[in-house]
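Structure below; questions to follow.
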Amino acid sequence: MAQHNAFYAQSGGVTAVINASACGVIEACRRHSDQIGKVYAGHNGIIGALTEDLIDVSRESDEAIAALRHTPAGAFGSCRYKLKDIETHRAQYERLIEVFKAHDIRYFFYNGGGDSADTCLKVSQLSEKLGYPLTAIHVPKTVDNDLPITDNSPGFGSVAKYIATSTLEASLDIASMCATSTKVFVLEVMGRHAGWIAAAGALAGEGEGEPPHLVIFPEVAFDRAAVMARVEESVKQYGYCVIVVSEGARYEDGTFLADSGNTDAFGHRQLGGVAPTLAGMVKQDLGYKYHWAVADYLQRAARHLASKTDVDQAYAVGEKAVELALAGQNAQMPAIRRTGDAPYGWTVEAAPLAEVANREKFMPREFIREDGFGITEACRRYLSPLIQGEDFPPFVNGLPAVAHLAKHRVERKLPTFTL
């Protein structure tokens, strides 16, 4: 079989384990050097392909690539840049194919969430129309856990572990001081439309009265009166109240509690600030002293507390992406399939991108308690295996060691392209 080059890029919000997927892709490519020559990475995601700003990953040492497995964030740079529809922005897609042709790239690995799956599918379709032999594989990643087909999304398990741990630790703090100090603590977590991360906070407690006392999901319409009543009940019964709230919490009419009025590069409403908004309601309606926190980037960057399950799965989907590409399975995504809960088991199988792109997986109603403020045992059985195991990075001088890449640039062969 003839040898051709591969292109890898990271897209969207990063995770604690997206680089583990990069490691899986690159190491698998190196094991198949008879079929895959050089591996190029897009600097700042798909923008790197459009501007022909390529990193020659083949010049990185084996040790540097191996270190990606325990390094958070996007090692090659990620971006929030969504390619528009082919009909009106065909030039962008044709530019990608021109860059791939110029550098003999026949394998395209795009590591991201739902929007990235859509881009990957479109690129595969256009390359086929233009007669260019390109195999496009989407490598799944999203802390939101909202990709369809796959049992869970790489990146989610580590966020879930961090949020459950943070909820537990902060709850002990509040409980120890509630007699004379803070009565209500609100933790805001990510999750625009799906409440998976908020649900993970509920793993911090199991028995009656154990925090969090309320979990607020995007899937359940926010009822201020009902929430305040539950907060008051919790404070009176337990002395304090801990709330985990998703950034996507919304009213019955779909309005977000914390909508900034702006949109990001993907066209999504920009959120943030639901914790202080909710805390303000507590102060106004009940008069309790409160504290709030926004997990924000901390939750998706916490590689030091990553779930071993998550790290292993992130690496495995990267590795499987290369296997699928070499087998000629175009426009596919490696998807995780659960084979059992106790003991937990999983495999990685191919899923058609046409069934993944532009679709979201929400919390099923049977995972949310009947009162709408917590999780069911079925949800606990689903979530628990995903946070299991520790995969601590090596530490140097008391801090986690991370990969240091040379990032040698590839010589440009084409005219400059304006985004």
Side-chain angles (χ1 to χ4, degrees), residues 8-18 21-22 42 45-47 74 78-86 89 92-93 96 108-126 136-160 189-199 217-219 246-248 250 254 256 263-271 299-300 310 313-314 317-318 320-321 324 330-337 348-364 386:
Y8 168 82
Q10 299 172 323
S11 176
V14 295
T15 78
V17 299
I18 187 174
S21 291
I46 200 69
I47 290 176
S78 186
C79 67
R80 291 196 181 279
Y81 187 85
K82 183 176 181 178
L83 296 182
K84 307 296 192 298
D85 61 277
I86 295 177
H89 291 74
Q92 287 188 326
Y93 292 89
L96 289 178
F108 174 43
F109 302 107
Y110 204 26
N111 199 172
D115 290 310
S116 307
D118 178 60
T119 296
C120 195
L121 177 61
K122 288 175 178 175
V123 170
S124 71
Q125 292 170 338
L126 184 64
I137 304 293
H138 177 245
V139 185
K141 169 250 35 164
T142 176
V143 297
D144 291 333
N145 198 40
D146 59 358
L147 287 173
I149 301 182
T150 185
D151 176 76
N152 57 282
S153 303
F156 169 69
S158 294
V159 166
V189 303
M190 289 179 173
R192 179 181 306 276
H193 299 128
W196 296 104
I197 300 177
F217 306 96
E219 292 88 348
S246 169
E247 64 179 348
R250 68 193 70 197
F256 292 110
T263 58
D264 64 17
F266 289 150
H268 302 147
R269 302 296 293 181
Q270 287 197 317
L271 306 178
Q299 64 198 299
R300 73 186 199 192
D310 195 27
Q313 291 179 341
V317 296
K320 184 69 171 182
L324 292 175
N330 193 23
Q332 300 288 316
M333 180 188 81
I336 298 166
R337 184 174 72 86
V348 181
E349 301 176 352
L353 275 185
E355 298 178 16
V356 176
N358 300 310
R359 302 186 187 185
E360 289 182 285
K361 178 178 68 179
F362 304 107
M363 286 271 293
L386 305 182

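Model, not experiment: these values are computed from the prediction.
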Exercise for the section: Kindly give the heavy-atom pair with the smallest separation between Gly155 and Asp310, and that separation in Å. Expected result: N-OD1, 2.9 Å
Practice task
Please confirm whether the backbone N or O of Val139 pairs with a side-chain atom of Asn111, one donor and one acceptor, at under 3.5 Å?
Solution key: yes
Handout entry: Sub-4.5 Å side-chain heavy-atom contact between Cys120 and Leu353
Key = yes
Problem - Atom pair CH2 (Trp196) and CG (Asn145), whose distance is rounded to the nearest 0.5 Å - result: 5.5 Å
Exercise for the section: Return yes if some donor-acceptor pair links the side-chain N/O of Lys141 with the main-chain N/O of Ser11 below 3.5 Å, else return no. Expected result: yes
Problem - Spatial distance of atom CG (Asp151) from atom CD (Glu349) [nearest 0.5 Å] - result: 11.0 Å
Exercise for the section: Would you mind reporting whether Pro140 and Pro154 have side-chain heavy atoms less than 4.5 Å apart? Expected result: yes
Practice task
Identify the heavy atoms of Leu147 and Gly112 that sit nearest to each other, and give their distance.
Solution key: CD1-O, 4.4 Å
Problem - Straight-line distance of Thr142 OG1 to Arg300 CZ, nearest 0.5 Å - result: 10.0 Å
Problem - Side-chain touch Pro334/Ile137, heavy atoms, less than 4.5 angstrom - result: yes
Practice task
Report yes or no: does Ser246 contribute a side-chain atom to a donor-acceptor pair with the main-chain N or O of Gly191 at less than 3.5 Å?
Solution key: yes
Handout entry: Main-chain N/O of Asn358 paired to Asp118 side chain as donor or acceptor, under 3.5 Å
Key = no
Fill in the blank from the handout: Between the NE2 atom in His138 and the OG atom in Ser124, the distance rounded to the nearest 0.5 Å is 12.0 Å
Exercise for the section: Looking only at non-hydrogen atoms, find the nearest pair between Pro148 and Glu355 and report the distance. Expected result: CG-O, 3.8 Å
Exercise for the section: Could you check if a side-chain atom of Ile46 sits within less than 4.5 angstrom of a side-chain atom of Cys79, using non-hydrogen atoms only? Expected result: yes
Problem - Contact check, side chains of Ile336 and Val317, non-hydrogen atoms, under 4.5 Å - result: yes
Practice task
Please examine the side chains of Val143 and Gln299, heavy atoms only from C-beta on, and report whether any two atoms are closer than 4.5 Å.
Solution key: no
Completion exercise
Closest non-hydrogen atoms of Phe109 and Ala321, given as atom of the first, atom of the second and distance, are CE2-O, 3.4 Å
Exercise for the section: Taking the side chain as every heavy atom from C-beta outward, state whether Lys122 and Leu83 have any atom pair closer than 4.5 Å. Expected result: no
Exercise for the section: Starting at NZ of Lys320, measure out to OG of Ser21 and round the result to the nearest 0.5 Å. Expected result: 14.5 Å
Problem - Interatomic spacing from CG in Leu126 to CG in Leu96 - rounded to 0.5 Å - result: 8.5 Å
Practice task
May I ask you to decide if Ser153's main-chain N or O and Thr150's side chain share a donor-acceptor pair within less than 3.5 Å?
Solution key: no
Practice task
Kindly give the heavy-atom pair with the smallest separation between Tyr8 and Ala22, and that separation in Å.
Solution key: OH-CB, 3.3 Å
Problem - Heavy-atom side-chain proximity of Tyr93 to Gln125 below 4.5 angstrom - result: no
Exercise for the section: Could you walk me through whether Phe156 and Ile197 pass side-chain contact (heavy atoms from CB on, under 4.5 Å), step by step? Expected result: CA-CA 8 Å; Phe156 169 69; Ile197 300 177; 4.0 Å; yes
Practice task
Provide the closest heavy-atom pair for Glu219 versus His193 in the form atom of the first, atom of the second, distance.
Solution key: OE2-O, 3.7 Å
